[in-house]
Amino acid sequence: MLIAQISDTHISAPGQKTCGVAPMAENLAQCIDSINALDPKPDLVLLSGDVTHSASQDETRHAADILSALAMPLFVVPGNHDDRQLLSKVLGPEICPLNKDGYADYVVEGFPLRIIALDTLDFGKPGGLLTEARLKWLDACMREKDQQPTIIVAHHPPLKLGVPESDEDGFVGAEALGKIVAAHPNIERFVCGHIHLHTNTRWCGTVVTTATSPGMQLTLDLTGKATSRFLLSDPSYLLHHWTSDQRLITHPILLSPLGGPFEFTG
Ligand SMILES: [Fe+2]
Ligand SMILES: [Fe+2]
């Protein structure tokens, strides 16, 4: 099974660059061309939030237009730059399903890996939030199939990653989430975004993987100062490969403008 993960696309209104400089619409279109051309094709694509830059209708429609070119099923969770109702309405409830309480917490079945999507958006705030009731739902959901390898997808990383910008945002409910995750060793991976950097970290018996943004790479400053600045970066996404011997191998795919492929010679 193959899963492509795109994150933090921060799409602006048509004709506009994000923050005035980042060509996110063009970069997302290049990612989609690359994903569509993969052989074998991914079974599905996950978009782990911050689909739009400022949660407007124009931006959401623009993102939906670009994403409609994907040749495989797409599943979306909202990020802190999104409006969950708007995403579900514009992209469609099959792409961003909302539960009866209006949250994009849902399960994708029918594949070797079960996927549980968690909506960590705390509208109007940069950090993550999962309430007790919704964590109970997650626990019950995990108990239903406690043998099937599972991936959780959310926007916010559930732990501090040494990146002040996102560490300061916080995640209300992360500790309780960690207890549930630790109780279910069949959670192969927790995949998310938000920090605009690719990282992998052990956490509560699983591995947390954050995806890059396809165009806005956070400047990494390990001195502990939050700069909230970014570098323009090439289009990129993650490809999660669930192999026949049940290993989840993650490849960061960077679309280099430098040419190739070339033969290794000499
Ligand atoms: Fe983001
Ligand atoms: Fe975010």
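We count residues from 1, following the sequence as given. Order of appearance sets the numbers: ligands from 1, and atoms from 1 within every ligand. These numbers come from a predicted model, not from an experiment.
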**Request:** Output yes when Asp139 and Arg143 qualify as a salt bridge under the 4.0 Å nitrogen-oxygen rule, no when they do not.
**Result:** yes
**Asked** In Asp8, what N, O or S atom is nearest to the Fe ion (ligand 1), if we give its atom name?
**Response** OD1
**Prompt:** Is the distance from the Fe ion (ligand 2) to some N, O or S atom of His81 under 2.8 Å?
**Reply:** no
**Prompt:** Under a 4.0 Å N-O cut-off, is there an ion pair linking Lys17 with Glu26?
**Reply:** no
**Asp50 near the Fe ion (ligand 2): N/O/S under 2.8 Å** = yes
**Asked** Can you tell me how far the SG atom of Cys141 sits from the CG atom of Asp146, to the nearest 0.5 Å?
**Response** 12.0 Å
**Asked** So does His194 have any N/O/S atom less than 2.8 Å away from the Fe ion (ligand 2)?
**Response** yes
**Of Thr18, Thr60, Asp83, Asp82, the residue whose pairing with Thr52 passes side chain to side chain donor-acceptor pair (under 3.5 Å)** = Asp82
**Prompt:** Does Asn80 bring an N, O or S atom to within less than 2.8 Å of the Fe ion (ligand 2)?
**Reply:** yes
**Item:** Aromatic plane relationship, His53 with His81 - under 30° parallel, 30 to 60° tilted, over 60° perpendicular
**Value:** parallel
**Asked** Hey, what's the angle at the Fe ion (ligand 1) spanning NE2 (His10) and NE2 (His196), nearest 10 degrees?
**Response** 90°
